[in-house]
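Within every chain, numbering begins at 1; the chains are lettered A, B, ... in the order of the sequence lines, protein sequences first and strands thereafter.
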Amino acid sequence: MTALDFETANEAQWLELEQALRRNDRALDPARFLFLYRTACEHLAMAEARGFPAPLVSRLSTMTARAHQIVYRQTDFGLGRIVRTLMHAFPAMVRAHRWYVLVAALLVIVPALALGLAVAHRPDLILSLVDASTVQQFQHMYSPANPEIGRLRDAGTNWMMFGFYIANNIGIAFQCYVSGILIGLGSLYYLAFNGAFGGAVAGYVTSIGFAGTFFPFIATHSAFELTAVVLCGAAGLRIGRSVLLPGRMTRVASLQLAARDTSVIVFGSSVMLVIAAALEAFWSSAAWVSAPAKYALAAGCWILVAVFFLRRPRAD
Amino acid sequence: MNSPIDTIVTAETPEGISISIRPAGFAVRATAFLLDALIRLAILSLCASLLANGRRLGLGIFLIAAFVINWLYPVLFELSPAAATPGKRVMGLYVLMANGLPVTPAGCLIRNLLRVVDMLPLLYAFGIVSILSRRDSRRLGDLAAGTIVAYRHEVELTGKLGEGVPLPPPVPLSRRQQLALTAFAWRVERLTPARAEEIAAYAVSAIPGLLASGSTAPAEGEVAATASTAGSGVTARLVGIARWLHGDRRLAQ
């Protein structure tokens, strides 16, 4: 069959498909459209194999590409998948990494308690961690006289701080995760450092008598923020372990598997960090909310987070 | 189809054919980005001038508007039927999934949220490195979302087979030779006669016996002489053979 025969024999069908493509999707007859599309695919394959002229091949490939977009269009918008990932895959993946999470949590809590107690006992120890001007900033930020707790005087509005907290907190969490690739040492370091730093600040603020503003401030958003940082650190430890002890896989394959598993955790943690940033910007910093109200919401948030990760998912 | 000197990405369909996607490179995407930035700036300054009298409430509304415009502007436009922000549309680009399907809302959302990763450490450095180092020019957000930014318009290979009298090939031609002759005949109308003649001479010297009228192949010298003296006759003969190969056999005896 020559190109001309081919063209004259099939021209009618191609024209019909091209006209269908110009029409509204809803006006199409599905069965006929699918038939035309599949036939055009066969014709394209044949035209390519037989070396028919380039304009003919290009015409066929344009029409099949357009029809392909209509035939295989995703109709469920893909948002359902995001919700499923967040509500089911994320907590399941966290449970599957429970030992990593435990290690990461201890890495934060132990240095935090140690430095917290030490600094509360001897406040000048804080100067070995940060310099004097930073200490002054902390004094100002958590002073009961500050109308916006946790902020410097020239800090911006709630919305601006929301953006700042997102960038800052997600930055810390990503640091804990990504640095895990250095056989886990980076995650170890950042988790322990952030734990120690937080503990030292808490200890110092307590020692100068600002505990009444500091703890209500951090109680609520830390349910999400601290948990998310620990989870990202745990994911980083998994990455580190996959490089250090790949088991029966090659190191690269092991790393790829770990990255695929932990990406769910990092995605879920990012959402938690956005929630934390919103709470920190609009709720925690508000001086007009009484401490008992903040503690009550904080308790609710911690219970919510615990239930979210510990509940058994429906067997579906 | 996927030759190493161009950057065409092919996506295979379940029907076993492959769809070609032409990814948009750094320069054109940067231009589209700047256009979008200007449009966003214009909208924001319009908002600012409208809300200037609103005092604190006005400032609050303005900050929310700024948030919405910065984060949702690309999402809304990329989910519209054009699948492109105004900047991309001006540059003839659109966003689609890397498997050739229309962009999904989830994909669109992820690629625009992960913009923050591409912006690191400053001035979109990660995104630019990713775009420049990948053949398919995807930034990190595109990779996570499985999307790709591509040129919307196909290269239109319009062309007409050259006019002439169909002529059966004097010698059997291999598939590659047939392809070369056909391609020449489809281009000939867009070439100057002199250039067509020049190319025809190459074809004649590469395919022995192409100009012979019977089945006997002429000697090398004779071919060269014919090619140099016959003028446009060579082009016409090649076009005639191509027409025959294409299937036009009306006048052949």
If I measure from the heavy atoms of chain B, does [X] come under 4.5 Å with its side chain, its backbone, both, or neither?
X        : result
A:Phe6   : neither
A:Phe174 : side chain
A:Glu42  : neither

Ring pair (Phe, Tyr, Trp, His ring centres under 6.0 Å) partners of B:Tyr124, counting only residues at least two apart: B:Phe33
Show me the donor-acceptor pairs within less than 3.5 Å that the side chains of residues 228-237 of chain A make with the rest of the protein, sequence neighbours left out.
none

Side chain to side chain, B:Leu96 and A:Gln69, heavy atoms closer than 4.5 Å: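 In short, these two side chains touch, coming nearer than 4.5 Å.
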Residues, nucleotides or ligands: over 12 heavy atoms within 6.0 Å of B:Arg40 CZ: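 More than 12 heavy atoms, drawn from other residues, nucleotides or ligands, come within 6.0 Å of this atom.
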For B:His246, the option from A:Leu4, A:Leu56, A:Asp5 that meets side chain to side chain contact (heavy atoms under 4.5 Å, CB included): A:Leu4
Shortest non-hydrogen contact between B:Arg175 and A:Arg50, atoms and distance: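 Residues B:Arg175 and A:Arg50, closest heavy atoms: NH1-C, 3.3 Å.
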Closest heavy-atom pair and its distance - A:Thr2, B:Gly247: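 That would be OG1-CA, 3.3 Å.
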Side chain to side chain contact (heavy atoms under 4.5 Å, CB included) partners for A:Gln175, two or more places apart: A:Tyr190
For chain B, which residues of residues 14-22 of chain A have heavy atoms nearer than 4.5 angstrom: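 The list, in residue order, is empty: none.
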